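Predicted model only: the values in this text are computed from it and were never measured. All residue numbers refer to positions in the sequence shown, counting from 1.
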Amino acid sequence: MLNLMRLEMKKYHLGSYVKRAIFANFVILGVMFMLLFITKIEEDPGLENYQTALTVIDSMIRAVFIIFASVLIAKLIIGEYKYKTITLAFMYPINRKKLIASKLAIVILFTFSAIILSNALVTTIFCVITESFRLIPDTLTTAIIMQHIPFVLMNAVAASGMALIPLYFGMRKYSIPTTILSSILIVLVVSSNTGNFSLNDIIFVPITLAIIGISVAYLAIRNIEKVDI
């Protein structure tokens, strides 16, 4: 499995996605400081404390990398079926189920790792700058950070499973746009914030969606022999 994952990553030059992920982190940072600037001008207490700011950062990061995951699914799986290149891969003496499982494992690991590392990077830079220039009328404490870590870990696990749901929509007609659009719809429904509340705050919602995503991946692997190529 690990060798298959390594080969797939080399085949699709996934190192370029790491660079795009880093770029996305700095875009998120820019958006955060822009929001901070706007709230200062309008005297809106939107980011009045670090707990709120860190929650917003985590929400944006999850949204970005759920969509990133759909792009990876489109690249690694849907595109292969759409352009019939998967037939060549299936000619090699490799178990079909293991091949698809390795592709999905890459998506899951990339999504989870990207969310965790991005949270660490963006949060660190944001907190250092805001603390240095006193941009937030609040004090960053170790307790706030320690409370936030389990929250990030739980959301990263849920988002990694949730990110597999677009596979179902993409495989119906081998449509790359449908795969990506379905991930955007998921993000809009789950992460949209209304009055400091989002569906992701209801623990049952992300856990259920993660289970659905894992189920979609399991069925895709189990039924791979039945799929028309």
query = So Lys97 and Ile100, side chain to side chain contact (heavy atoms under 4.5 Å, CB included) or not? Walk me through it.
reply = CA-CA 5 Å; Lys97 292 182 179 180; Ile100 300 301; over 6 Å; no
request  = Answer with yes or no whether the side chains of Glu8 and Ser102 bring together a donor and an acceptor at under 3.5 Å.
outcome  = no
Counterpart residues, ring pair (Phe, Tyr, Trp, His ring centres under 6.0 Å), relative to Phe126 (two or more places apart) = Phe33
ask   = Is there a side-chain contact between Thr52 and Asn49 (heavy atoms, below 4.5 Å)?
value = yes
inquiry  = Using side-chain heavy atoms (C-beta onward) and a distance below 4.5 Å, is Leu209 in contact with Val205?
reply    = yes
request  = For side chain to side chain contact (heavy atoms under 4.5 Å, CB included), just list the numbers for Val157 and Met154, CA-CA rounded to whole Å, side-chain angles, deciding distance to a tenth of an Å, and then say yes or no.
outcome  = CA-CA 5 Å; Val157 171; Met154 183 190 70; 6.0 Å; no
query = Should Ile67 and Leu104 be regarded as members of a common hydrophobic cluster, given that ILVMFWY residues are connected when their side-chain heavy atoms come within less than 4.5 Å of each other, either directly or indirectly?
reply = yes
request  = Output the distance between atom CG (Leu140) and atom OG1 (Thr123), rounded to the nearest 0.5 Å.
outcome  = 9.5 Å
message = Going by the rule salt bridge (charged side-chain N to carboxylate O under 4.0 Å, His left out), which residues pair with Glu131 if we only count those two or more places apart in sequence or in a different chain?
response = Arg134
Transitive ILVMFWY side-chain link Leu14 to Ile115, under 4.5 Å = yes
message = Set out, in order, the CA-CA distance, both residues' side-chain angles and the distance that settles side chain to side chain contact (heavy atoms under 4.5 Å, CB included) for Ile57 and Ile61, then state yes or no.
response = CA-CA 6 Å; Ile57 288 172; Ile61 287 171; 3.6 Å; yes
query = Should we count CZ of Phe151 as having more than 12 external heavy atoms under 6.0 Å?
reply = yes
query = Could you give the distance from CG (Leu4) to NZ (Lys11), rounded to the nearest 0.5 Å?
reply = 10.5 Å
ask   = Given the rule in the side chain to side chain contact (heavy atoms under 4.5 Å, CB included) test, do Gln147 and Gln51 qualify, once you have shown the distances and angles that lead to the verdict?
value = CA-CA 9 Å; Gln147 287 173 4; Gln51 285 181 328; 3.4 Å; yes
request  = Indicate yes or no: at least one non-hydrogen side-chain atom of Leu109 is less than 4.5 angstrom from one of Met5.
outcome  = yes
query = Hey, does Ile176 have a side-chain heavy atom less than 4.5 Å from the side chain of Lys75?
reply = no
key: Heavy-atom donor-acceptor pair, Ser59 side chain to Thr55 backbone, under 3.5 Å   = no
request  = Output every pair passing salt bridge (Lys or Arg N to Asp or Glu O under 4.0 Å) with a member in residues 50-64, not counting sequence neighbours, ordered by first then second residue.
outcome  = Asp58-Arg62
message = Tell me whether Ile203 shares a hydrophobic cluster with Ile186, the cluster being built from Ile, Leu, Val, Met, Phe, Trp, Tyr side chains joined at under 4.5 Å.
response = no
query = Is it true that Leu72 and Leu7 fall in one hydrophobic cluster, defined by side-chain heavy atoms closer than 4.5 Å?
reply = no
request  = Inspect the surroundings of NZ in Lys19 and state if more than 12 heavy atoms from other residues, nucleotides or ligands are less than 6.0 Å away.
outcome  = no
message = Tell me every residue that passes salt bridge (charged side-chain N to carboxylate O under 4.0 Å, His left out) with Lys10, counting only those two or more places apart in sequence or in another chain.
response = none
inquiry  = Using only atom types and a distance under 3.5 Å, with no angle test, would you say the side chain of Lys173 pairs donor to acceptor with the backbone of Thr178?
reply    = no
query = Can you find a heavy atom in the side chain of Met32 that is under 4.5 Å from one in the side chain of Leu47?
reply = yes
query = Are Leu153 and Phe110 connected in the hydrophobic side-chain network, where two residues link if heavy atoms are under 4.5 Å apart?
reply = yes
OG1-NZ distance between Thr179 and Lys82, expressed to the nearest 0.5 angstrom = 9.5 Å
query = How is the hydrophobic cluster of Ile41 composed, in terms of its other members, when Ile, Leu, Val, Met, Phe, Trp and Tyr link through side-chain heavy atoms under 4.5 Å apart, directly or indirectly?
reply = Phe37
inquiry  = Any non-hydrogen side-chain atom of Leu99 less than 4.5 Å from a side-chain atom of Phe90?
reply    = yes
message = Taking Leu76's backbone N and O only, do any of them form a donor-acceptor pair with Lys103's side chain (distance below 3.5 Å, no angle check)?
response = yes
ask   = Quick one: does Ile145's side chain get under 4.5 Å of Ile149's, heavy atoms only?
value = yes
task = With the side chain counted from C-beta on, respond yes when Ile136 and Glu48 share a heavy-atom pair under 4.5 Å apart, and no when they do not.
result = no
task = Could you tell me whether a side-chain N or O of Asp138 sits under 3.5 Å from a main-chain N or O of Tyr50, the two making a donor and an acceptor?
result = yes
Rounded distance (nearest 0.5 Å) linking atom CD1 of Ile224 with atom CG of Leu219 = 12.0 Å
remark   = Rounding to 0.5 Å, atoms OG (Ser118) and CG (Leu121) come to a distance of 7.0 Å
remark   = Looking only at heavy atoms, the pair that brings Phe68 and Ala21 closest together is CZ-N, 3.8 Å
key: Ser183 side-chain N/O to Ile180 backbone N/O, donor-acceptor pair under 3.5 Å   = yes
ask   = Counting distance only, does the side-chain N/O of Thr130 pair as donor-acceptor with the main-chain N or O of Cys127 below 3.5 Å?
value = yes
Taking distance alone, no hydrogens or angles, what donor-acceptor pairs closer than 3.5 Å link side-chain atoms of residues 160-170 to residues at least two apart or in another chain?
| residue | atom | partner | partner atom | Å |
| --- | --- | --- | --- | --- |
| Ser160 | OG | Phe112 | N | 3.3 |
| Ser160 | OG | Ala156 | O | 2.7 |
| Tyr168 | OH | Arg172 | NH1 | 2.7 |

key: Exceeds 12 heavy-atom contacts within 6.0 angstrom, atom NZ of Lys98   = no
task = Check the angle between the aromatic planes of Tyr174 and Tyr81 and answer parallel, tilted or perpendicular using the 30° and 60° thresholds.
result = parallel
ask   = Rounded to the nearest 0.5 Å, what separation is found between the OG1 atom of Thr124 and the CG atom of Asn119?
value = 9.5 Å
